[in-house]
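Note sheet for the following structure.
Here the structure is a predicted model, which is why all the values come from computation and not from measurement. As the structure lists them, so they are numbered: ligands from 1, and atoms in each ligand from 1.
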Amino acid sequence: MIAANIIRNLSRHPALVSLVVLTSAAALAAQTALPTPATEKTTVIHAGSVIDGVSSTPRRDQGIVIRGNRIESVGDWSAVKVPPGASVIDLSGQTILPGLIDCHTHVFLQGEVPAEGGYDAELLKQGLALRAARATVAARRALDQGFTTIRDVETEGAGYGDVGIKQAIERGYIPGPRMFIATRAISTTGGYPLEGYAPELEMPKGAQLIDGPVEARKAAREQLSHGADWIKVYMTHRSWIGEHGELVSQPTLTVEELKPIVDEAHGWGKKVACHAYGGIGLHRALDGGCDSIEHGLDLDDTAVAQMVRQGTWFCPTMTAYYLEWAPAGTPDGDLDRKRAEVHGPSLRRAVAAGVKIVFGTDVGGFPWSDSIAQEFPRMVEFGMTPMAAIQAATSRAAEMLGMAGKLGVLAPGAYADVVAVRGDPLQDVRALEGVTFVMKDGRVHRADAPAAK
Ligand SMILES: [Zn+2]
């Protein structure tokens, strides 16, 4: 309406022409880009070593020229001509990498301990404003640790709260990573907490519960229309140890319920992430055409082959399954150990078969003050090289997010998301737990190391 009025008035007010041009340019920039910086400031980073996210080997003594929020060039330091007025950041004693990407987070979870009421207390006793306030802290902690992008796979009962957190970051109100969000997630009746209350009570749920293909498609449409970048679907729920000592998982959606969700998401140019441990639910997820398997604790050979054939991504989230085990000899403790027991071999099988793997942690399931990068040594422990693990958190993750060449890589044209660590993560991948410098979108968020000279 406003634009139409301005255009109608143009002939009477020629001065408005330039206003319209400026406004349209600004609007276009806002639509096409992730956040844009206020100035076209030039920064040059002197890098001791560069792991660019794509190349198989690092390069020593490099210069990275950044103009505005984009990388202009990466090359030998000796050949860099520092433009007049540029600021130079000396990281010549450190290893420089693209900003890291965690493909499985929950900013609306805070690693609640059972003694304090656990997950249920989060939904029952914390109002949305409190949960949103805590989510802003979670987002900041991700960025502090060098994670400049996250795929946040559902709000756990906080509705569309992630849309607001993402907007607040994009508009510069709060610091945080670039966010790809899943909003509410989808499961079925009997397929998600809160559970275990008197049956006559109508309890809030941590996901949107659907039954039947019509409700499934409607839920996907609702979530996509409110800003979901991904649809998250729970394909398994409860798990237990079966009579032969195997891990068994309760399936949730049928293939007939999953297919309309995948169809709808793909129609919008979006993707579907499926939480699936193993068994029937995992096979339904793959038969239904999901784009990524989350956790995949118990991938059998058939599933691995199908993932390779269909190009399905695997986000193993090892860390969450190695923390906070219940005491051995209790049902919960035995289940915790069984999950970990099958999970490692599952990742090994996927690595050996060439499944496409991305880095994800399920942080939020554990506290955001804990190390997110502790996932790297787990990935290496179960068959990935340090370089493959780094690429899973950079270029591979970017590829899954539809951002190849723009995120997860240090190369001309990419967004200037840059981190530094002391030491060589290819020798000891734990070096990634000690990020000393974080730049996101061309702006320095954190610089513990010697700064501009
Ligand atoms: Zn999760």
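Taking 4.0 Å as the cut-off between side-chain N and carboxylate O, Glu154 and Arg184 do not count as a salt-bridged pair. Ionic pairing of Arg284 and Glu256 is not present here: no N-O contact between side-chain nitrogen and carboxylate oxygen is shorter than 4.0 angstrom. Checked for salt-bridge contact, Arg378 and Glu375 miss the test: no charged N lies under 4.0 Å from a carboxylate O.
Taking backbone and side chain together, His275 holds no N, O or S atom under 2.8 Å from the Zn ion (ligand 1). Here Glu294 fails the criterion, with no N, O or S atom under 2.8 Å of the Zn ion (ligand 1).
Among heteroatoms of the N, O or S kind in His104, NE2 lies nearest the Zn ion (ligand 1). Closest N/O/S atom of Asp362 to the Zn ion (ligand 1): OD1.
Side-chain contact of His343 with Asp298: a donor-acceptor pair under 3.5 Å is absent, judged by distance alone.
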